[in-house]
> 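Structure provided below as structure tokens; questions to follow.
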Amino acid sequence: MASSRARSLRRYATDVERALWRTLRDRRLHGFKVRRQHPIGPFIADFACAGARLVVELDGGQHCDRASDARRTAWLETCGWRAIRFWNNDVLAHPDYIIETILRELRDRHIHLSRLRERSPAQRAGEGAARTTEPSSR
């Protein structure tokens, strides 16, 4: 069901979504694979990069002070995603700034996740990081 809803959202994208998609599609943003209207759990993200676990949301006037947006962001973050939000008018008025911000977040998230993958499972869980052992004197 989410995939048919996502398909419909892609078909009827807003002008702002289409404008940003022209830059994000086809790995145009430094090789990062970005999807639009991407289902994540019970939600559909406007744009998502699974490799960097980054969600980009575009908000119009209907999003002003919506508690549901805060719950959605909190849920995504508990699942290891980072969500960033931009107002539609900012995307149109300051596209270079928006793209630079997204690219910076993608790079930061990619580096962060790469470092996490390199650590052992015990280190990721916080075990053993502060523990030191003395060599036995046998």
Side-chain angles (χ1 to χ4, degrees):
M1 175 147 21
S3 62
S4 63
R5 173 87 173 118
R7 200 172 305 119
S8 176
L9 289 169
R10 284 191 294 272
R11 189 176 305 124
Y12 299 105
T14 67
D15 292 341
V16 177
E17 289 170 339
R18 279 193 287 275
L20 186 56
W21 182 237
R22 281 192 288 276
T23 302
L24 300 179
R25 65 182 297 185
D26 298 327
R27 298 181 188 266
R28 290 179 185 171
L29 196 60
H30 293 265
F32 285 100
K33 172 76 173 157
V34 177
R35 296 180 175 125
R36 64 185 174 130
Q37 303 303 335
H38 181 65
I40 302 171
F43 302 107
I44 299 175
D46 289 339
F47 300 95
C49 177
R53 297 195 59 87
L54 180 71
V55 168
V56 177
E57 291 291 320
L58 302 182
D59 296 337
Q62 74 277 15
H63 288 271
C64 195
D65 288 331
R66 292 206 31 204
S68 61
D69 288 339
R71 284 191 303 274
R72 172 189 177 110
T73 297
W75 184 88
L76 288 166
E77 289 176 354
T78 63
C79 294
W81 290 82
R82 165 103 166 93
I84 57 175
R85 303 181 97 68
F86 300 103
W87 290 105
N88 287 345
N89 59 335
D90 288 336
V91 174
L92 296 174
H94 309 287
D96 292 338
Y97 169 77
I98 300 300
I99 295 301
E100 288 171 19
T101 302
I102 294 170
L103 182 57
R104 184 176 54 250
E105 289 285 341
L106 285 167
R107 287 178 174 159
D108 290 350
R109 293 287 298 167
H110 181 72
I111 290 167
H112 172 73
L113 293 172
S114 295
R115 288 180 182 155
L116 280 179
R117 287 183 198 109
E118 291 172 1
R119 295 170 44 193
S120 71
Q123 288 173 320
R124 279 182 259 161
E127 299 172 10
R131 190 180 345 172
T132 59
T133 56
E134 296 295 321
S136 64
S137 57
R138 287 192 213 181

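Model, not experiment: these values are computed from the prediction. Position 1 is the first residue of the sequence, and the numbers go up from there. Both backbone and side-chain heavy atoms feed into the values below; hydrogens, waters and symmetry mates do not.
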> Within the side chain of Arg82, is there an N or O that forms a donor-acceptor pair under 3.5 Å with the backbone of Ala52?
no
> With sequence neighbours left out, what residues match Asn89 under side-chain contact (heavy atoms from CB on, under 4.5 Å)?
Trp87
> Tell me the closest heavy-atom pair linking Gly51 and Leu113, and the distance in Å.
O-CD1, 3.6 Å
> Quick check: do Arg104 and Arg107 have side-chain heavy atoms less than 4.5 Å from each other?
no
> Do Leu29 and Val34 pass the side chain to side chain contact (heavy atoms under 4.5 Å, CB included) test, and can you show the C-alpha distance, the side-chain angles, and the key distance before you say yes or no?
CA-CA 9 Å; Leu29 196 60; Val34 177; 5.6 Å; no
> Is the closest side-chain heavy-atom distance between Arg36 and Asp46 below 4.5 Å?
no
> Fit a plane to each ring of His38 and Trp81, take the angle between them on a 0 to 90° scale, and name the class: parallel (under 30°), tilted (30 to 60°) or perpendicular (over 60°).
tilted
> How would you list, by chain and number, every residue that makes a side-chain contact (heavy atoms from CB on, under 4.5 Å) with Ile111, sequence neighbours excluded?
Arg115
> If you round to the nearest 0.5 Å, how far is CG of Leu24 from CD1 of Ile99?
5.0 Å
> Please round to the nearest 0.5 Å and tell me the distance separating atom CZ of Arg117 and atom NE2 of His112.
9.5 Å
> With a 4.5 Å heavy-atom cut-off, do Val55 and Phe43 have their side chains touching?
no
> Which pairs count as salt bridge (Lys or Arg N to Asp or Glu O under 4.0 Å) when at least one residue sits in residues 16-34, sequence neighbours excluded?
Asp15-Arg18, Asp26-Arg28
> Got a second to check how far Gln37's CD is from Trp21's CH2, nearest 0.5 Å?
10.0 Å
> Determine the minimum heavy-atom distance between Ile44 and Glu57, stating which atoms define it.
O-OE2, 4.2 Å
> Set out, in order, the CA-CA distance, both residues' side-chain angles and the distance that settles side chain to side chain contact (heavy atoms under 4.5 Å, CB included) for Leu106 and His30, then state yes or no.
CA-CA 10 Å; Leu106 285 167; His30 293 265; over 6 Å; no
> Mind listing the closest non-hydrogen atom pair of Asn88 and Gly60 along with its distance?
ND2-CA, 3.4 Å
> May I ask you to test the Phe32-Ile102 pair for a side-chain heavy-atom distance under 4.5 Å?
no
> Roughly how far, to the nearest 0.5 Å, is CG of Asp90 from CZ of Arg85?
13.5 Å
> Taking the side chain as every heavy atom from C-beta outward, state whether Ile98 and Thr23 have any pair of such atoms under 4.5 Å apart.
no
> Under 3.5 Å, is there a donor-acceptor pair between the side chain of Thr78 and the main chain of Trp75?
yes
> Hey, is the main chain of Ala45 close enough, under 3.5 Å, to the side chain of Arg35 for a donor-acceptor pair?
no
> In Å and rounded to the nearest 0.5 Å, what is the CD to CG distance from Glu105 to Leu54?
6.0 Å
